[in-house]
Amino acid sequence: MPPRSLRVDYFICRSCLASLRKRTPTAQWALRHSSQATQSLSSEASSRRTREQENERQKTLETLGLLKGKKDAAVTVHYFEQGEGGKLRHLRDEGELGRSLGDPDGQAETRMKELEQELEEATQFTKIVEDLWGKQGAEKLRKRVTTQDDALPKPSLLLPEEDWTGQDRTRIAQLNNMIRTIGRKARGGVLPLKRINSLWKYYYAARIALSKNWESVHADVWDLLWQILAADHPNNPNRMSHTHALAKDMQSAGVTLRDDQQLLAIEATFVSGFQEDAITAHKKLVTTLGAKSETFVEFWQLGLRMYCLAGDISRAERVADILLESPHEKDPRFLLPFVRVCAEKPATVEKGFEVYQRLRSALGDEITIEDYDQVISYFLASNQAEYAFYVFVEMMTSNTVDLHGTHRVPPSVASPFFYGKWLKRLIGAGDLQGAYNVLLHMKSRGVMPQAIVVNGLIGAWLRSGTADNIKNAEDVAWAMINARMQFLSIRKDMRNLATYVRLRQYGEGWPRANLETFSLLAENYKERGIHPKMEELWRTFGNAEIAPNSFILNQLLFSCLHNGQGKHIAALTHDLTTQYQVEPDSWTFMVLWQALAVNRLVQMPPGQLDAEVSRTRSLFAQTVRSAHLLAPNGIDVQLARFILHSFRKLDDKFGLLLAYRALRQIFKFQPPDAVVFELRVGSVDLERVAKGKGGLRLMHAGKQIEDYLKRRHDELIAAGQLNAGDDLPEDIKREELGNFVDIFLQGQVELLEDKNMEQTLEQAATEMGLNGEVPNGEIPHQSSAT
């Protein structure tokens, strides 16, 4: 906003002006000087005349009565100032005249503040433009301002709200506020997704209001909207739909789109579902954008992509020829969409392979593995595994082996190892359908795939979780199981035949199932809770003559537990581990502890409590006997948690104390903070306790633990084991938390006031497999934790 101009005129009174007219007008600037300067000029003029002439002149003046005294020879000049209201004010001297000229109406300070504010607003405007459009865009805007006619409206990033009324004006004001917010939040031209969506929200709400007054929308507003809504960035996922609507509005407003904007508008129209409109608009620009060297390549590549997506192969081929024959520099990878559309139909798949060969020749040594993978995926997606195999062979052999048109494949290529590399690559890339097509292609060529590779595909199918992939996984896995059973049947029959008779396996050519195949199905059936299929799988596994491991046993045990057969878990585990000579692991003991009645039932029947205590202590003794399998790396925290809470739920305080000490000393267990709180509060669900009335109990437990650690910290400092001001090291803190639980459990035992406490502890230790020895808590001090 330019500063307000004040018109101040200066006048000389008529009496002074009349006296000045009697003098010889030597120079106009004399009006601004004092009377002394005027007198000196008069004396100089008189010195030029002769003495006789001067005397004659003086006599003449005296006769006419025009000669005044010496005091009237000087000229006095009066200065006046006229303000805006027309009021005259007399100025004392030339000094006041100078101040008036520099500061009319005494508003210099106010005007300076206004200028500073305008400068600050201009700086902020420049910063917003630079943030949104970059320094080059800001410089372009400055040049536009300097070259624009003053009569034309100045560029603005805001809409003139006064041009609208009512609800329309409200929507325009909201859009302006959003533009201001974007100007403050923009960083390097990249806006977050939330800001872009908000801008589109307010612009979309104001579209009807804008359409009523397109002429009030300055070109810079359109540039700003295009810069943000049409930005190619991950934060702008709705770019094409926004661009389509924005381009239509700009054309309705009579805005001439730039070349790049026209191309993007056509693409946005096509992607938004208006394919015919986009293709028509593209044809209209053939003689303009299609002929310019700056837009030639981009224009025709856009046409090629649209024709390929529309399935118009003939026009796509003509456009591809135009691009290939043009002298303009271009990336040959523009042919990839044409390869894809040709590979989709059996009638044009050969043409697609020829286009691929042209692409490969054009790229030469610049072709990458990603380019090969892209072409391979095109052929595999259309179930053209043969052509995909040709491309893969060329990739693996650096284009030294060309199988196209040949009937015999070299043994080095037609091998399960060569195909296995391909399958692993496809599975790793997530192209499971393509990998399955390759398997079918291998079988059609008589190449038996390796079981380990097929198992990898089965596992990937099952992990995806989709119904189609799970069905494919089960079909292939059971086909491999059938191949295994057929092999065993043939091997059994051959024992009764002559040595020269050889039976050959028949069927679909799948590899024989192994332990991994059964394990994959068992894990999936367990997670999906399909116990009938698990039982069928286990019966088949028993006849497959494959030695099991603890993993597949655990899947069966967990499936039985989830099926409500928890009371049979202990016996089944004993039979299986004994029959197959399989050593249990942490997961085996996890299912055993979860299968206890105290962990399965909501409430224990009163008459079974003693028997369940004995059964729990016996299971702990079994766990201790397997300490060599569990202790080397430390017992699993969740397993230790189940063990401790099993004794707590049974209210077996002696067993809980002994189990806790044994876990610390034998299994190297250090309870985490959560387990410490659970044992102190007496609940396995701390969140439920915190929400209910037990919240105070939880707070009290936390305060008690904090006080204990503080007291131990002070004791260690007093003993010289820690320096003053040092915090407890993590290992010492973990050890002290374990000691706190030990003190608490010891206190719970002492509250029973059992006169035969030592004998009771020894009996419990014997039942728990501790050889009758009560583990020592190894507590360095005696402090109450109850």
How far apart are the closest heavy atoms of [X] and [Y], and which atoms are they?
{"X": "I427", "Y": "A460", "answer": "CG2-CB, 4.1 Å"}
{"X": "Y660", "Y": "D742", "answer": "CE2-N, 3.7 Å"}
{"X": "A627", "Y": "I666", "answer": "CB-CG2, 4.0 Å"}
{"X": "K421", "Y": "M396", "answer": "CD-CE, 4.1 Å"}
{"X": "E583", "Y": "L629", "answer": "OE1-CD2, 3.4 Å"}
{"X": "A477", "Y": "L521", "answer": "CB-CD1, 3.6 Å"}

Separation of [Y] [atom2] from [X] [atom1] (nearest 0.5 Å):
{"X": "I182", "Y": "I228", "atom1": "CD1", "atom2": "CD1", "answer": "4.0 Å"}
{"X": "W478", "Y": "I458", "atom1": "CH2", "atom2": "CD1", "answer": "12.0 Å"}
{"X": "F669", "Y": "I643", "atom1": "CZ", "atom2": "CD1", "answer": "9.0 Å"}
{"X": "K755", "Y": "T760", "atom1": "NZ", "atom2": "OG1", "answer": "13.0 Å"}
{"X": "L716", "Y": "N723", "atom1": "CG", "atom2": "CG", "answer": "11.5 Å"}
{"X": "L657", "Y": "D652", "atom1": "CG", "atom2": "CG", "answer": "10.0 Å"}

Is there side-chain contact between [X] and [Y], with heavy atoms separated by less than 4.5 Å?
{"X": "E474", "Y": "K533", "result": "yes"}
{"X": "P672", "Y": "V637", "result": "yes"}
{"X": "L199", "Y": "T181", "result": "no"}
{"X": "D373", "Y": "R425", "result": "yes"}
{"X": "L556", "Y": "L576", "result": "yes"}
{"X": "F620", "Y": "V624", "result": "yes"}
{"X": "I743", "Y": "Y708", "result": "yes"}
{"X": "I179", "Y": "Y202", "result": "no"}

Please confirm whether the backbone N or O of [Y] pairs with a side-chain atom of [X], one donor and one acceptor, at under 3.5 Å?
{"X": "T368", "Y": "D371", "result": "yes"}
{"X": "R734", "Y": "Q670", "result": "no"}
{"X": "R648", "Y": "G682", "result": "yes"}
{"X": "S614", "Y": "D610", "result": "no"}
{"X": "H713", "Y": "D726", "result": "yes"}
{"X": "N563", "Y": "Q565", "result": "no"}
{"X": "N235", "Y": "L191", "result": "yes"}
{"X": "N549", "Y": "I552", "result": "yes"}
{"X": "R600", "Y": "A595", "result": "yes"}
{"X": "N236", "Y": "L229", "result": "yes"}

How about [atom1] on [X], more than 12 heavy atoms from neighbouring residues, nucleotides or ligands closer than 6.0 Å, or not?
{"X": "L601", "atom1": "CG", "answer": "yes"}
{"X": "W587", "atom1": "CH2", "answer": "no"}
{"X": "H574", "atom1": "NE2", "answer": "no"}
{"X": "M699", "atom1": "CE", "answer": "no"}

- Item | Residues forming a salt bridge (charged side-chain N to carboxylate O under 4.0 Å, His left out) with D468, sequence neighbours excluded |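 By the salt bridge (charged side-chain N to carboxylate O under 4.0 Å, His left out) rule, D468 matches no residue at all.
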- Among all residues two or more places apart in sequence or in another chain, which pass the salt bridge (charged side-chain N to carboxylate O under 4.0 Å, His left out) test with E753?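 Residues passing salt bridge (charged side-chain N to carboxylate O under 4.0 Å, His left out) with E753: none at all.
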- Message: For R697 and H700: C-alpha separation, side-chain torsions, deciding distance, then whether side chain to side chain donor-acceptor pair (under 3.5 Å) applies.
- Response: CA-CA 5 Å; R697 187 157 47 103; H700 175 69; over 6 Å; no
- Task: Output, in order, the C-alpha distance, side-chain angles, deciding distance and verdict of side chain to side chain contact (heavy atoms under 4.5 Å, CB included) for L609 and D651.
- Result: CA-CA 10 Å; L609 188 60; D651 199 24; over 6 Å; no
- Return each pair, listed once, that meets ring-ring contact (aromatic ring centres under 6.0 Å, His included) where at least one residue sits in residues 518-541; pairs must be two or more places apart or across chains.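 Every pair satisfying ring-ring contact (aromatic ring centres under 6.0 Å, His included) with a residue in residues 518-541: F518-F541, W538-F541.
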Do [X] and [Y] sit within salt-bridge range, that is, some charged N less than 4.0 Å from a carboxylate O?
{"X": "R615", "Y": "E612", "result": "yes"}
{"X": "E678", "Y": "R641", "result": "yes"}
{"X": "K733", "Y": "D727", "result": "no"}
{"X": "R712", "Y": "D707", "result": "no"}
{"X": "D714", "Y": "K710", "result": "yes"}
{"X": "K691", "Y": "E687", "result": "no"}

- Task: Report yes or no: do N739 and R664 form a side-chain donor-acceptor pair below 3.5 Å?
- Result: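 Distance-only check passes for N739 and R664.
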- Query: Taking atom types as modelled and ignoring hydrogens, do the side chains of R661 and Q746 form a donor-acceptor contact shorter than 3.5 angstrom?
  - Reply: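 A donor-acceptor contact under 3.5 Å links the two side chains.
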- Task: Let me know which of V689, I705, L737 forms a side chain to side chain contact (heavy atoms under 4.5 Å, CB included) with F677.
- Result: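 Testing F677 for a side chain to side chain contact (heavy atoms under 4.5 Å, CB included) against V689, I705, L737 leaves exactly one candidate, I705.
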- Using the ring of each side chain (for Trp, its six-membered ring), is F744 parallel, tilted or perpendicular to F740, with breaks at 30° and 60°?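 If you compare the ring of F744 with that of F740, the planes turn out parallel.
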- Task: Given side chain to side chain donor-acceptor pair (under 3.5 Å), test D636 with S586 step by step and report yes or no.
- Result: CA-CA 7 Å; D636 183 74; S586 295; over 6 Å; no
- Query: Run the side chain to side chain donor-acceptor pair (under 3.5 Å) check on N554 and K526 step by step: do they pass?
  - Reply: CA-CA 10 Å; N554 294 335; K526 182 261 295 184; over 6 Å; no
- Decide yes or no on side chain to side chain contact (heavy atoms under 4.5 Å, CB included) for C560 and H568, but give the supporting numbers first. CA-CA 8 Å; C560 292; H568 304 300; over 6 Å; no
- Could you walk me through whether L439 and V453 pass side chain to side chain contact (heavy atoms under 4.5 Å, CB included), step by step? CA-CA 10 Å; L439 279 178; V453 178; 5.6 Å; no
- When you look at M604 and K649, which way does the side chain to side chain contact (heavy atoms under 4.5 Å, CB included) test go after all the steps? CA-CA 10 Å; M604 283 290 299; K649 292 176 183 178; over 6 Å; no
